[in-house]
Amino acid sequence: MAKSVIVVGGGFAGVEFVQRLSKKLSSKDVEIRLFEKEGDQTFRTEIHKFACERITLDAIKIPLKRILPSTVKFENAEVKKIDLQNKKVFTDKSYDYDFLVVAVGSDPNFFGIPGMKENALSFWTLEDAQRINDHVKKIFENVKNIKDPNERQKMLTFVVGGGGFTGVELMGELMEWIDKLSKINGVDRKSVKLMIVEALPRILPNIEKVEVVNKAIEYMKEYGVDVRTNSMITNVSADGLTLKAGEFIPTKTLIWSGGVQGCAFTNQLDLKKDKRGRIIVNEYMETSDPNVYAIGDVASYVDKSNKPMPGLVESAMQSADVAANNIIVSIKGGAKQALDLKLHGNIVYVGKRYGVANIKSLGTFAGYRAIPMKHLVNMQHMFHVGGFGLVMKYLKDQVF
């Protein structure tokens, strides 16, 4: 009798898992069912472009029915409950499973900073991106009617909290988009303040060479971006934010990209978790329940050298491959596969004409040449999940 495998989450990890499993096992061996309340996979690494109107919504949504194997049963539904003891998944109906794979991703982490969740604009989902888009445009539309210079400056100060990949890429888009918004709304561009606030000693901590990071900072400075490091945010109000050193920065716009934690969905699961709510897994992607695996951003894995698995697309896909292999082994027999991350590096956009690359085979560098390389990486992913048709769609949406 075929084993039932249920996957919750249709992001990078979930789709990679079902594609790998369906290639290795026939429908006689396994019944694969994927649950995703959205009908699409969001190309999450590109949402900063959507937030600042460089690309359309269609450019970052991939219909799951288009990329899932025909043998995978897609359930466009929200999982409301999971009963681990009886191995059941509940939507409006119930489904039995032999193996459960949790691939629900992560949520923003506000680190308990007073006022952050209530007053900042989080930046993680498509809904967040749309909210930021609406907010920034409204600021520029309304500021023309403000006469008080202090209130006007508060409105025209835009702060991104967090100087990691997400924060820097968002600022890269924001600084170019604000050039356009200033012209459209008759706002003096020099009156607009842009700022990145980072608690660590440097931004882009995963980029090896400090001198390359400094080049990116210099590039952003050309657009008037003030990069603050060693600057922990300790309080946020509707009128601004306070730094640990005591400085108060008046602003109506704090966009928070300072960290993530396990998706709130996992709160219902009686599995071992780390301090950020991510599900702890071993090297086989197995959780504390032998019938449950966790992959991608929701999984917390630390290797023998005490190095945690980073929240990257490559990590998500490799963890998915390991989980798929080990479920195959559980069904067909053989040796388990341990996760051995082989990451090729990172490329970060800083607007559409500049980037920072940290690639094992090529080294670390900054400048325009990072941009076509980033496009190549994205197209490689598109080809992997959906073939040449998705590559052509990407070229149409983002290059030509």
Side-chain angles (χ1 to χ4, degrees), residues 9-20 22-23 36 38-69 72 103 105 126 129 165-166 168-170 172-173 176 204 206-207 216 295-297 310-321 324 341-400:
F12 294 121
V15 170
E16 174 68 12
F17 173 85
V18 298
Q19 288 184 332
R20 175 60 64 97
S22 65
K23 285 180 181 177
E36 172 56 64
E38 305 293 338
D40 307 290
Q41 181 186 86
T42 299
F43 202 5
R44 191 181 295 278
T45 58
E46 303 291 289
I47 65 171
H48 56 286
K49 296 180 183 177
F50 168 68
C52 298
E53 297 190 348
R54 180 142 70 98
I55 59 177
T56 65
L57 182 61
D58 183 61
I60 53 174
K61 292 179 80 68
I62 305 171
L64 283 168
K65 288 183 179 179
R66 180 173 179 177
I67 60 177
L68 292 178
V72 175
L126 274 178
F165 293 159
T166 303
V168 169
E169 290 194 325
L170 177 60
E173 293 298 321
E176 294 179 359
L204 300 176
N206 292 329
I207 300 296
I295 56 177
D297 284 0
L312 301 170
V313 174
E314 270 197 308
S315 305
M317 297 180 77
Q318 289 180 38
S319 69
D321 291 341
L341 283 175
K342 299 188 185 300
L343 303 177
H344 295 90
N346 304 288
I347 307 174
V348 183
Y349 291 111
V350 190
K352 63 183 177 184
R353 291 180 290 272
Y354 201 89
V356 177
N358 189 59
I359 303 171
K360 279 191 174 181
S361 59
L362 299 174
T364 305
F365 56 90
Y368 175 77
R369 62 185 174 131
I371 299 300
M373 294 187 69
K374 180 71 169 175
H375 284 311
L376 286 172
V377 169
N378 288 344
M379 287 189 287
Q380 182 183 34
H381 172 73
M382 290 294 188
F383 183 78
H384 179 74
V385 298
F388 192 64
L390 279 187
V391 174
M392 294 304 294
K393 181 180 184 301
Y394 180 88
L395 287 169
K396 175 179 176 291
D397 290 338
Q398 299 215 40
V399 179
F400 299 117

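The figures that follow rest on heavy atoms only: side chains count, while hydrogens, waters and symmetry mates do not.
Counting non-hydrogen atoms of neighbouring residues, nucleotides and ligands closer than 6.0 angstrom, the CD atom of Glu53 exceeds 12 such neighbours.
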Quiz prompt | Pair Leu343-Gln318, side chain to side chain contact (heavy atoms under 4.5 Å, CB included): steps then yes or no | solution = CA-CA 9 Å; Leu343 303 177; Gln318 289 180 38; 4.1 Å; yes
Quiz item: Can Leu204 and Phe165 be said to form a side chain to side chain contact (heavy atoms under 4.5 Å, CB included), step by step?
Solution: CA-CA 6 Å; Leu204 300 176; Phe165 293 159; 3.6 Å; yes
Quiz item: Can Leu170 and Cys52 be said to form a side chain to side chain contact (heavy atoms under 4.5 Å, CB included), step by step?
Solution: CA-CA 8 Å; Leu170 177 60; Cys52 298; 4.2 Å; yes
Quiz item: Which is it for Lys61 and Leu126 under the side chain to side chain contact (heavy atoms under 4.5 Å, CB included) test, yes or no, and what are the steps along the way?
Solution: CA-CA 10 Å; Lys61 292 179 80 68; Leu126 274 178; 3.5 Å; yes
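A salt bridge does not link Glu176 with Lys352: every distance from a Lys NZ or Arg NE/NH1/NH2 to an Asp or Glu carboxylate oxygen is 4.0 Å or more.
Applying the side chain to side chain donor-acceptor pair (under 3.5 Å) rule to Glu38 yields no partners; only residues at least two apart in sequence or on another chain are considered.
Remark: side-chain polar atoms of Gln41 are paired, donor with acceptor, to backbone N or O of Gly11 under 3.5 angstrom. Between the Gln398 side chain and the Ile55 main chain, no donor and acceptor come within less than 3.5 Å of each other. For Glu169 (side chain) and Tyr349 (main-chain N/O), a donor-acceptor pair under 3.5 Å exists by modelled atom type. Put simply, the side chain of Glu16 never gets that close to the backbone of Ala316: no donor and acceptor are under 3.5 Å apart.
Going from atom CD of Gln19 over to atom CG of Leu68 covers 7.0 Å, rounded to the nearest 0.5 Å. Atom-to-atom distance recorded for Ile207:CD1 and Thr364:OG1 is 6.5 Å, nearest 0.5 angstrom. To the nearest 0.5 Å, the span separating CZ on Phe383 from CZ on Phe388 amounts to 8.5 Å. Rounding to the nearest 0.5 angstrom, the gap separating the CZ atom in Arg369 from the OH atom in Tyr354 is 10.5 Å. One distance of note links CG of Leu390 with CG of Leu395; it measures 11.0 Å at 0.5 Å rounding. If you take CD1 on Ile47 and CD on Glu173, they are separated by 11.5 Å, rounding to the nearest 0.5 Å.
Listed by first and then second residue, the salt bridge (charged side-chain N to carboxylate O under 4.0 Å, His left out) pairs that reach into residues 373-394 are Asp58-Lys393, Lys393-Asp397, sequence neighbours excluded.
Heavy atoms only, all atoms of each residue included: Val18 and Pro69 are closest at O-CG, 4.2 Å. Shown here for Leu312 and Asp297, the closest heavy-atom pair between the two residues is N-OD1, 4.3 Å. When all heavy atoms are compared, the tightest approach of Val72 to Ser22 is CG2-CB, 4.4 Å. Residues Arg20 and Ala324 share a closest heavy-atom pair of CG-CB, 3.6 Å. Between Ala103 and Ile295, the shortest heavy-atom contact is CB-CG1, 3.7 Å. Of all heavy-atom pairs between Ala129 and Phe50, the closest is CB-CD2, 3.8 Å.
Under the 4.5 Å side-chain criterion, counting only non-hydrogen atoms from C-beta, Leu341 is in contact with Pro310. Within the 4.5 Å cutoff, the side chain of Val377 has no heavy atoms near those of the His344 side chain.
Using a 30° and 60° split on the angle between ring planes, Phe12 and His381 fall in the perpendicular class, above 60°.
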